[in-house]
**Q** 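Handing you this structure, nothing more for now.
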Amino acid sequence: PDKASPPPGARLDQPLHWGMLYLSVLVAFAACNAPPVPLDDIFIEKTFVPEQCVRAVKDGDYVRYHYNGMFPDGKKFDSSYDRSSTYNVFVGKKQLIAGMDKALVGMCVNQRSLVKIPPHLAYGKKGYGEIIPADSILHFDVLLLDVWNPEDGVQINTYHTPSNCSRKVEVSDYIRYHYNGTLLDGTLFDSSHTRMRTYDTYVGIGWLIAGMDQGLLGMCVGERRIITMPPSLGYGENGDGSDIPGQASLVFDVVLLDLHNTKDGITVTNQIIPESCTRKSVAGDFVRYHYNGSLLDGTFFDSSYSRNRTYDTYVGRGYVIAGMDEGLIGVCVGERRTVTIPPHLGYGEEGTGSKIPGSAVLVFDVHIIDFHNPSDTTEVIVTHKTEECVKQTKKGDFVKYHYNASLMDGSSIDSTYNYGKTYNIVLGANQVVPGMEEGLMDMCVGEKRHLVIPPHLGYGERGVTNEVPGSAVLVFDIELVDMEEGLPEGYMFIWNDDVATDLFTEMDKDKNEEVEPSEFTDYIMQQVNEGKGRLAPGFDPYRIIDNMFSNQDRDGDGKITEAEFRLKADEVSHDEL
């Protein structure tokens with residue numbers, strides 16, 4: 001609404017836009033059913049308030065807004081929407097009716113307000129011709145889209161800064177970057193992301209609009225910033241003739257992806273360093289690591305993750321490109337680092353063809369899974385020790401323990417807790433890998449240990465298909481839950497009491513001077529059940545008894561005679577039963 005000219009949207013002969021009048025009709029309905037309230041001043045009802053308000057309108061600002069103008073009964077007299085263009089004007093310079101000048105102050109971009117203006121702050125007793133009668137109260141449904149001031153310059157908001165920045169953008173640098181370009185109300189007008197290619201240009205020599213030329217200076221590779229510029233540093237009064245209207249503020253969300261320098265060496269950025277690192281890799285170590293490989297602009301070219309296996313190699317021996325050979329020295333197990341490699345330490349001027357272009361800077365996000373040496377032994381760390389310990393585990397004992405098994409990077413392999421039962425083995429019977437045998441020795445019930453087992457004491461170069469990768473270092477957190485003392489080496493059954501003087505006769509229940517397998521089995525099990533004897537724990541008792549019977553049945557005829565029967569203590573050579 002302008003004092004000196006017809007209200008904005010003078011094309012009053014155009015048909016009403018019903019979509020834009022929806023809110024107006026609701027307001028009119030409410031007005032028709034409510035008693036009239038005299039207005040001494042403007043009344044503002046905020047119908048939508050954005051979550052963030054970076055800047056509110058002040059006197060002297062230039063604004064762009066949409067509106068619907070209505071009478072209290074809901075009848076529309078003007079609308080910017082009907083003209084498909086915003087109303088653009090300075091605030092506080094008497095270019096608007098007094099009520100609107102007052103109402104716009106303090107509004108935020110994307111705020112929507114219903115403004116009621118009394119006659120003395122609108123067109124008063126004169127009205128405006130046949131359009132606005134005298135003493136009319138006016139209602140305006142206002143949506144603010146843009147605000148700037150002639151004194152504004154480029155505004156920079158850096159919201160991500162890389163931890164290391166060896167060089168910043170300077171005038172005449174050639175850079176590659178991605179951006180989203182929006183108006184101040186968030187309307188997207190352009191994006192390099194939708195074109196799936198970066199914007200590549202020189203900076204500071206006039207190849208860009210002035211605001212972008214200024215806004216990109218000083219950026220680091222990987223930095224993200226929002227560059228906001230007024231129309232004078234963007235596309236000015238006329239816009240771009242397409243998606244950017246005249247007098248529009250512009251907002252660019254920019255990420256810098258590439259900045260070339262032929263003098264660069266490799267750059268190592270430590271992203272995650274383990275709290276403890278007892279050893280760092282040296283030339284000649286065998287290293288297992290995962291990586292994502294990309295160009296400096298983020299273009300992906302390779303990944304060990306996509307193959308679902310680590311890259312395994314010796315370092316310092318020329319098995320990988322020079323930059324990676326250097327970048328893998330001095331790492332800790334579990335460390336994550338980004339290794340940025342210039343072309344002369346990567347694939348040079350030729351590149352590798354379709355994936356890596358010539359003279360490309362390479363970025364490897366590396367995760368060190370493990371490395372080892374054939375001289376390594378099992379590392380045993382006691383994490384919890386019991387106050388009392390009557391017996392410690394030894395070879396032959398039957399032990400029950402819980403474990404959590406993982407790789408050095410923390411990837412879980414297995415856990416007994418998932419099954420709700422312990423893992424039970426006989427120590428020294430080769431039922432687990434050598435490193436676990438070692439880790440379970442001399443342990444007390446209730447004790448907890450942390451084991452680190454190198455591949456040659458674990459599952460070796462082959463690993464376990466779909467479970468443990470080849471050449472993998474293993475980590476076990478174990479807890480000894482119970483143990484049963486084993487028998488002396490070479491024995492599968494021992495007596496707890498004195499042996500009967502005529503043992504053979506006791507076994508021969510039918511008194512036929514021969515002991516059948518069933519008689520032998522029943523007798524041995526009876527001794528065990530009565531606590532007079534004990535079988536080796538951790539094995540199938542009936543298989544043990546079968547073996548014992550076979551050892552006594554020396555002629556193999558399926559029965560034991562008194563002449564064949566001998567106790568272990570009577571044997572000349574102490575063969576196992």
**Q** Assess whether atom CZ of R224 is packed by more than 12 heavy atoms of other residues, nucleotides or ligands within 6.0 Å.
**A**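 Incorrect, the count does not exceed 12.
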**Q** Y65 and L144: which non-hydrogen atoms are nearest, and at how many Å?
**A**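 Result for this residue pair: CB-CA, 3.9 Å.
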**Q** Can you tell which of T340, D325, I341 makes a side-chain contact (heavy atoms from CB on, under 4.5 Å) with I266?
**A**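 Going through the options one by one, the only one that passes is I341.
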**Q** Could you give me the CA-CA distance, side-chain angles and deciding distance for L183 and L145, then say whether side-chain contact (heavy atoms from CB on, under 4.5 Å) is met?
**A** CA-CA 8 Å; L183 305 181; L145 299 177; over 6 Å; no
**Q** Describe, in one word, how the ring planes of H193 and H178 are oriented to each other, choosing from parallel (under 30°), tilted (30 to 60°) and perpendicular (over 60°).
**A**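 Answer is parallel, since the angle falls under 30°.
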**Q** Has D146 got a side-chain atom pairing as donor or acceptor with S249's backbone, closer than 3.5 angstrom?
**A**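 Side chain of D146 to backbone of S249: a pair is present.
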**Q** Could you state the interatomic distance from CG (D82) to CG (N68), rounded to the nearest 0.5 Å?
**A**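 Those atoms lie 7.0 Å apart.
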**Q** Under 6.0 Å from the CZ atom of R279, do we count more than 12 heavy atoms belonging to anything else shown?
**A**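 Yes, the 6.0 Å shell around CZ holds more than 12 heavy atoms from other groups.
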**Q** Kindly compute the distance separating CG (L217) from CE (M212), expressed to the nearest 0.5 Å.
**A**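 Rounded to the nearest 0.5 Å, the CG-CE separation comes out at 11.5 Å.
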**Q** If I compare all heavy atoms of V333 with all of P274, which pair ends up nearest, and what's the gap?
**A**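 Where V333 meets P274 most closely, the heavy atoms are O-CG, 3.4 Å.
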**Q** Please lay out, stage by stage, how V63 and V89 fare under the test side-chain contact (heavy atoms from CB on, under 4.5 Å).
**A** CA-CA 6 Å; V63 297; V89 68; 4.0 Å; yes
**Q** Can you confirm whether the side chains of N149 and D61 place a donor and an acceptor under 3.5 Å from each other?
**A**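 The criterion, which ignores hydrogens and geometry beyond distance, is satisfied for D61 and N149.
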**Q** Is D213 reaching over with its side chain to a backbone N or O of G204, donor-acceptor style, under 3.5 angstrom?
**A**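 Answer holds: yes.
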**Q** Do R336 and D365 have side chains that approach each other closer than 4.5 Å (heavy atoms only, starting at C-beta)?
**A**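 Not in contact.
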**Q** Could you check if a side-chain atom of S80 sits within less than 4.5 angstrom of a side-chain atom of T86, using non-hydrogen atoms only?
**A**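 Counting from C-beta outward, S80 and T86 never come under 4.5 Å.
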**Q** Within a strict 4.5 Å, meaning less than it, do heavy atoms of the Q111 and C53 side chains meet?
**A**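 No, every pair of side-chain atoms sits at 4.5 Å or beyond.
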**Q** Return the minimal non-hydrogen interatomic distance between M70 and L114, and the atom names on each side.
**A**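 Minimum heavy-atom separation between M70 and L114: CE-CD1, 4.3 Å.
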**Q** Any side-chain to backbone donor/acceptor pair from S415 onto Y417? Under 3.5 Å, distance only.
**A**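 Yes: the side chain of S415 pairs with the backbone of Y417.
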**Q** Whether the D240 and S242 side chains hold a donor-acceptor pair (N or O, under 3.5 Å, no angle test) is what I'd like checked.
**A**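 Not at all, the side chains of D240 and S242 share no donor-acceptor pair under 3.5 Å.
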**Q** Say you draw a straight line from CZ of F300 to CG of N292; how long is it, rounded to the nearest 0.5 Å?
**A**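 These two atoms lie 6.0 Å from each other.
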**Q** Does atom OH of Y202 have more than 12 heavy-atom neighbours, drawn from other residues, nucleotides or ligands, at distances under 6.0 Å?
**A**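 No, because the 6.0 Å sphere around OH of Y202 holds 12 heavy atoms or fewer from other groups.
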**Q** Walk me through whether L184 and V147 qualify under side-chain contact (heavy atoms from CB on, under 4.5 Å).
**A** CA-CA 8 Å; L184 206 59; V147 54; 4.2 Å; yes
**Q** Less than 4.0 Å between a side-chain N and a carboxylate O, is that true for K94 and D101?
**A**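 Looking at K94 together with D101, the answer is no, because their closest N to O distance does not fall below 4.0 Å.
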**Q** Taking C-beta and beyond as the side chain, do H290 and I369 meet within less than 4.5 Å on heavy atoms?
**A**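 SC-SC contact between H290 and I369 confirmed.
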**Q** Checking S303 side chain against Y305 main chain: does a donor-acceptor pair fall under 3.5 Å?
**A**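 Yes, because the side chain of S303 sits within donor-acceptor range (under 3.5 Å) of the backbone of Y305.
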**Q** Would you mind reporting whether V315 and I329 have side-chain heavy atoms less than 4.5 Å apart?
**A**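 I329 vs V315: side chains touch.
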**Q** Please name the pair of heavy atoms, one in G153 and one in P230, separated by the smallest distance, quoted to 0.1 Å.
**A**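 Looking at all heavy atoms of both residues, the shortest contact is O-CD, 3.5 Å.
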**Q** Would you indicate whether the side-chain heavy atoms of D312 and V287 approach each other to under 4.5 Å?
**A**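 They are not in side-chain contact.
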**Q** Could you walk me through whether I368 and R337 satisfy the side-chain contact (heavy atoms from CB on, under 4.5 Å) test, starting with their C-alpha distance in whole Å, then the side-chain angles of each, then the deciding distance to 0.1 Å, before giving a yes or no?
**A** CA-CA 9 Å; I368 307 301; R337 57 168 52 180; 5.7 Å; no
**Q** Give the ring-plane orientation class for F90 versus Y62, where under 30° counts as parallel, over 60° as perpendicular and anything between as tilted.
**A**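 F90 and Y62: perpendicular rings.
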**Q** Using ring pair (Phe, Tyr, Trp, His ring centres under 6.0 Å) as the criterion, list what pairs up with F189, not counting sequence neighbours.
**A**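 With sequence neighbours excluded, F189 shows a ring pair (Phe, Tyr, Trp, His ring centres under 6.0 Å) to F252, given in chain and number order.
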**Q** Can you confirm whether Y289 sits close enough to M324 that some side-chain heavy atom of one is under 4.5 Å from a side-chain heavy atom of the other?
**A**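 With C-beta onward as the side chain, the pair touches.
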**Q** Under 3.5 Å, is there a donor-acceptor pair between the side chain of W148 and the main chain of M229?
**A**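 It does not hold such a pair.
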**Q** To the nearest 0.5 Å, how far apart are CD in Q214 and CD1 in I209?
**A**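 Q214 CD to I209 CD1: 10.0 Å, rounded to 0.5 Å.
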**Q** If you draw a 6.0 Å radius around CG in N418, do more than 12 non-hydrogen atoms from other residues or ligands fall strictly inside?
**A**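 More than 12 heavy atoms, drawn from other residues, nucleotides or ligands, come within 6.0 Å of this atom.
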**Q** Do any N or O atoms from the side chain of S304 and from the backbone of T310 form a donor-acceptor pair under 3.5 angstrom?
**A**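 Here the side-chain-to-backbone pair does not exist.
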**Q** About how many Å separate NZ of K102 and CG of L96, when rounded to the nearest 0.5 Å?
**A**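 The distance works out to 14.5 Å.
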**Q** Quick one: pull up CG in L328 and NZ in K280 and give me the separation to the nearest 0.5 Å.
**A**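 L328 atom CG to K280 atom NZ measures 14.0 Å (nearest 0.5 Å).
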**Q** Flag the pair T182 / L188 as yes when at least one side-chain heavy-atom distance between them is below 4.5 Å, and no otherwise.
**A**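 Yes - at least one pair of side-chain heavy atoms lies under 4.5 Å apart.
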**Q** Counting distance only, does the side-chain N/O of S113 pair as donor-acceptor with the main-chain N or O of V142 below 3.5 Å?
**A**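 No: the side chain of S113 does not pair with the backbone of V142.
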**Q** Treating N238 as the side-chain partner and G241 as the backbone partner, does any N or O pair qualify as donor plus acceptor under 3.5 Å?
**A**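 A pair under 3.5 Å: no.
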**Q** Which heavy atom of I42 sits nearest a heavy atom of G99, and at what distance?
**A**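 Heavy atoms only, the tightest pair is CG2-CA, 3.7 Å.
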**Q** Would you confirm whether T269, through its side chain, and S163, through its main-chain N or O, come within 3.5 Å as a donor-acceptor pair?
**A**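 Absent.
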**Q** Considering the options F77, F43, F71, which one meets the ring pair (Phe, Tyr, Trp, His ring centres under 6.0 Å) requirement together with F140?
**A**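 It is F77, the one option of F77, F43, F71 that forms the ring pair (Phe, Tyr, Trp, His ring centres under 6.0 Å) with F140.
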**Q** For N110 and D185, indicate whether the former's side chain and the latter's backbone hold a donor-acceptor pair under 3.5 Å.
**A**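 Yes, because the side chain of N110 sits within donor-acceptor range (under 3.5 Å) of the backbone of D185.
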**Q** Which heavy-atom pair separates H160 from G222 by the least distance, and what is that distance?
**A**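 Between these two residues, the closest heavy atoms are CD2-O, 3.2 Å.
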